[in-house]
Amino acid sequence: MSQNNDHGECSPSACSTCSHASGCPSAKAPAGDPDAKLKSRLSKIRRKVVVMSGKGGVGKSTVAVNLAMSAMLAGQRVGLLDIDLHGPSVPTMLGLEGRRLEADDQGIIPISLGGLSVISTGFLLSDPDAPVVWRGPVKIGVIRQFLEEVNWGDLDLLVIDAPPGTGDEPLTVCQLIPDLDGAVIVTTPQKVAAVDVRKSVSFCRELNLPVLGVVENMSGFVCPHCGQVVDIMSRGGGQKLAESMGVPFLGAVPIDPAITASGDSGRAFVESTDVTPAAQAFRDILAKLNF
Ligand code: ADP
């Protein structure tokens, strides 16, 4: 039975039932690579790093924001992609609340902050208090769009802030970016957090994603009055864990009210010229990562 249209050509929609063997122009037409655009965008980004944590509230976004900002301040072209779709905190931490994304014929235009290109679901929500109710397939589609439709341009580094855990979001990033350079895993010192970090390290191993290192955040508190370090949540858990799992330990950042204040005020902590132990700890970690 013929499936030709009026012009004598096969209808592509009939391919699945067509018995037209060789010589069919539709069948011969090269099927376009569905990932061509994604590959083209990613090929312009030299290094891609994901920041992960086993738990929320351990300082993952703080590390991602400061990592991106310090690389930018060092003169690199940097992008920051916030895929914490349900709880995006990057816009608040960088003072970009209320900003909206726009597009031109080259794609979606990231929000630029002094040269740092930022993308977050926070820029898509008209009501910041409304919950994002998305199932897995929608989240996968949104992350793909962020990588494929955003005109990131030429970048030296893309820092991806993933939500806590080992769910759809980090998995999607690993699948869409085969040449991801690695993961920075952020934890707090206590034992219960370490259990979750082990899962993050195992997740990376399962996906052949290098672990660039573990950051132990909120590691002790430097008393502003007496200068003594108070181990509010114990100390050293992240380091022990990194050693036991054979992954690099990047350093420990103490609790510092200036970090909380900078996050709330919309300025990255590394932008300050602080000489506190926390500021030095950040600098040492960033130096070890060598971006
Ligand atoms: P996560 O991304 O893991 O959920 P955030 O980076 O959003 O965590 O940090 C949670 C809160 O803790 C934020 O208010 C942040 O400013 C604060 N914070 C993170 N690290 C520190 C630190 N070392 N000292 C003080 N406050 C911190």
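Note that the numbering runs from 1 along the sequence shown for the chain. Order of appearance sets the numbers: ligands from 1, and atoms from 1 within every ligand.
From Leu209, atom CG reaches atom CZ of Phe203 across 7.5 Å, with rounding to the nearest 0.5 Å. The CG atom of Asp168 lies 11.5 Å from the CZ atom of Arg135; values are rounded to the nearest 0.5 Å.
Using modelled atom types and a 3.5 Å distance limit, the side chains of Ser219 and Glu216 yield a donor-acceptor pair. Looking only at atom types and distance, the side chain of Ser61 has a donor-acceptor partner in the side chain of Asp161 under 3.5 Å away.
Among residue pairs with one or both ends in residues 195-210, those qualifying as side chain to side chain donor-acceptor pair (under 3.5 Å) are Lys55-Asp196; sequence neighbours excluded.
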When you pair each N or O of ligand 1 with protein N or O atoms, which pairs come out under 3.5 Å?
unit_1   : atom_1 : unit_2 : atom_2 : d
ligand 1 : 2 (O)  : Lys60  : N      : 3.4
ligand 1 : 2 (O)  : Lys60  : NZ     : 3.3
ligand 1 : 2 (O)  : Ser61  : N      : 2.8
ligand 1 : 2 (O)  : Ser61  : OG     : 3.1
ligand 1 : 3 (O)  : Gly57  : N      : 3.2
ligand 1 : 3 (O)  : Val58  : N      : 3.0
ligand 1 : 3 (O)  : Gly59  : N      : 3.0
ligand 1 : 3 (O)  : Lys60  : N      : 2.9
ligand 1 : 4 (O)  : Gly57  : N      : 2.8
ligand 1 : 6 (O)  : Ser61  : N      : 3.3
ligand 1 : 6 (O)  : Thr62  : N      : 2.8
ligand 1 : 6 (O)  : Thr62  : OG1    : 2.6
ligand 1 : 8 (O)  : Gly59  : N      : 3.0
ligand 1 : 20 (N) : Asn217 : ND2    : 2.8
ligand 1 : 23 (N) : Asn217 : OD1    : 2.9
ligand 1 : 23 (N) : Pro254 : O      : 3.0
ligand 1 : 24 (N) : Asp256 : N      : 2.9
ligand 1 : 24 (N) : Asp256 : O      : 3.4
ligand 1 : 26 (N) : Thr260 : OG1    : 2.8

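Contact of the Val214 side chain with the Val186 side chain is not registered, since no non-hydrogen atoms from C-beta on lie closer than 4.5 Å.
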